[in-house]
Amino acid sequence: MKLKSLAIPFFALVVLLSGCGQKAAPVSETGKSETKPNTEQSAPKEKSLTLEEVFEKTIVASKELKSLTVKMENDQTITSSSDSEPMDITSTIDMDVIQNPISLYQVISINMPGEESVKTESYFTKEGFFTYEPTQGTWMKLPEEMSTELLKASEQQGDPAAELKKMQEYIEDFTFEQDDSSYILSLNASAEKFNAFMQEQLSQSFGQELGLDLQNVDVTGLKYSYTIDKKTFNPTTMSMDMTFKTTEGSEEVTLEQKTNATFSNYNGVKDITIPEEVLKSAQEIDLPQ
């Protein structure tokens with residue numbers, strides 16, 4: 001689960017860059033669209049890029065991506081038909097990622113009502129996936145087969161061209177704006193239209209870990225907003241609102257998630273090394289038969 005949290009930011013980038021042909025409408029610093037009257041004295045304007053052109057330049061920039069730092073804040077509200085009160089969960093993720101070969105260092109903090117804050121650390125390198133179990137105060141090493149699956153999932157998320165082909169039919173759902181420094185790409189997806197695609201993404205990211213029967217998962221709301229730096233064509237921020245429902249037996253559970261992420265330190269992460277004490281003390285765990 002921890003490594004696959006990469007799926008959100010990279011999947012969001014894929015989704016938001018998939019529309020083609022739109023011109024970016026200008027927005028003011030307050031975020032509102034603005035129009036300026038044309039006058040004979042107006043200074044020449046730079047050629048406006050289409051969404052397709054921004055996509056192409058972003059793909060070119062992504063080929064130079066070797067590493068980055070990701071910071072995420074998540075707010076989740078879980079409502080169950082079997083519980084009278086919803087559960088609110090907040091979490092933060094601080095992550096350094098190196099792309100080739102894929103490796104990461106990640107710190108997750110989780111706050112749940114009525115419980116102490118939980119903080120976990122994880123490393124993933126060619127030596128395996130190691131995570132700190134705070135309730136037991138021990139480091140654990142995941143089985144090789146699980147690490148291999150996590151590695152494959154991360155590599156798939158780094159292939160936007162493959163995902164792009166799946167998104168062509170959703171072009172009309174995108175809006176494309178710009179301010180002085182960024183391109184702003186937004187999606188407010190139709191639940192019916194996007195449900196099948198999102199079920200596939202949930203399956204890749206969460207299905208097995210959470211034990212979800214995706215036939216009973218219904219995505220009822222999905223909004224994304226992404227900013228792309230005009231100079232570097234690197235993504236700088238992402239926000240996501242998603243709501244889905246799942247039913248198991250007579251119980252219906254609704255999950256609402258709001259995520260805000262920032263991407264920085266491009267190509268600044270040079271090395272991720274698992275400390276020797278972690279390698280020596282980690283307990284290997286077995287998958288259930």
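The analysis underlying the following values was restricted to heavy atoms, covering all of them including side chains, and did not include hydrogens, waters or symmetry mates. Residue numbers run from 1 in the order of the sequence given. It should be emphasised that the depicted structure is a prediction, and the values quoted were computed from it without experimental measurement.
- In this structure, a donor-acceptor pair under 3.5 Å is absent between the side chains of D75 and T90.
- How far CD1 of I110 is from OG of S91: 6.0 Å, rounded to the nearest 0.5 Å.
- Separation of the F130 and Y123 ring centroids does not fall under the 6.0 Å cut-off.
- The side-chain tip of K141 does not point at the ring of F129 from less than 6.0 angstrom away and within 45° of straight on.
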Is there a side chain to side chain contact (heavy atoms under 4.5 Å, CB included) between S225 and L185? Walk through the geometry before answering.
CA-CA 6 Å; S225 179; L185 299 87; over 6 Å; no

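- Taking NZ of K230 as the reference point, atom CG of D180 lies at 6.5 Å (rounded to 0.5 Å).
- Residues T254 and T79 bring no donor and acceptor atom of their side chains to less than 3.5 Å of each other.
- Y132 is not listed as a side-chain neighbour of M140, based on a closest heavy-atom distance of 4.5 Å or more.
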How far apart are the C-alpha atoms of L255 and T243, what are their side-chain angles, what is the distance that settles it, and do they pass the side chain to side chain contact (heavy atoms under 4.5 Å, CB included) test?
CA-CA 6 Å; L255 185 146; T243 303; over 6 Å; no

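- Put simply, the side chain of M87 does not reach to within 4.5 Å of the side chain of E85, judged on heavy atoms.
- Using a 4.5 Å cut-off between side-chain heavy atoms of Ile, Leu, Val, Met, Phe, Trp and Tyr, with links allowed through other members, M95 and V118 fall into different hydrophobic clusters.
- One N or O on the side chain of E53 and one on the backbone of T50 form a donor-acceptor pair closer than 3.5 Å.
- Residues K245 and E252 have side chains in contact (heavy-atom distance under 4.5 Å, counting atoms from C-beta outward).
- Atom OG of S109 and atom NZ of K119 lie 5.5 Å apart (nearest 0.5 Å).
- Taking the charged nitrogens against the carboxylate oxygens, D94 and K71 do have a contact shorter than 4.0 Å, which makes a salt bridge.
- Taking CZ of F176 as the reference point, atom CG of L51 lies at 5.0 Å (rounded to 0.5 Å).
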Test V97 against I102 for side chain to side chain contact (heavy atoms under 4.5 Å, CB included), laying out the working first.
CA-CA 7 Å; V97 185; I102 184 70; 3.9 Å; yes

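- Distance check, rounded to the nearest 0.5 Å: OH of Y226 to OG of S182 gives 13.0 Å.
- Counting heavy atoms from C-beta outward, Q99 and L68 have side chains that approach closer than 4.5 Å.
- Between T131 and E133, every side-chain heavy-atom pair lies at or beyond the 4.5 Å cut-off.
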Can you list the steps and then say if T262 with S264 is a side-chain hydrogen bond (donor to acceptor under 3.5 Å, both in side chains)?
CA-CA 7 Å; T262 60; S264 62; 5.4 Å; no

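- Side-chain N or O atoms of D88 include none that pairs as donor or acceptor with a backbone N or O of T77 at under 3.5 Å.
- Using a 4.5 Å heavy-atom cutoff, the side chains of N74 and N260 are not in contact.
- Put simply, the side chain of T259 reaches to within 4.5 Å of the side chain of M72, judged on heavy atoms.
- Looking at every heavy atom in both residues, V269 comes nearest to S67 through O-OG, 2.9 Å.
- Using a 4.5 Å heavy-atom threshold, the side chains of Y266 and L65 count as touching.
- Side-chain polar atoms of E177 and Y183 form no donor-acceptor pair below 3.5 angstrom.
- Counted within 6.0 Å of CD on E277, heavy atoms from surrounding residues, nucleotides or ligands total more than 12; the atom is thus considered enclosed.
- The two residues I274 and T125 make their nearest non-hydrogen contact at CD1-OG1, 3.3 Å.
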Show your working on side-chain hydrogen bond (donor to acceptor under 3.5 Å, both in side chains) between D229 and T236 and close with a plain yes or no.
CA-CA 6 Å; D229 183 88; T236 56; over 6 Å; no

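- Rounding to the nearest 0.5 angstrom, the gap separating the CD atom in E73 from the NZ atom in K258 is 13.5 Å.
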Given the rule in the side chain to side chain contact (heavy atoms under 4.5 Å, CB included) test, do Q257 and F244 qualify, once you have shown the distances and angles that lead to the verdict?
CA-CA 9 Å; Q257 175 166 308; F244 68 87; over 6 Å; no

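- For the side-chain hydrogen bond (donor to acceptor under 3.5 Å, both in side chains) with T227, the qualifying choice from D179, T237, N234 is T237, the only one to do so.
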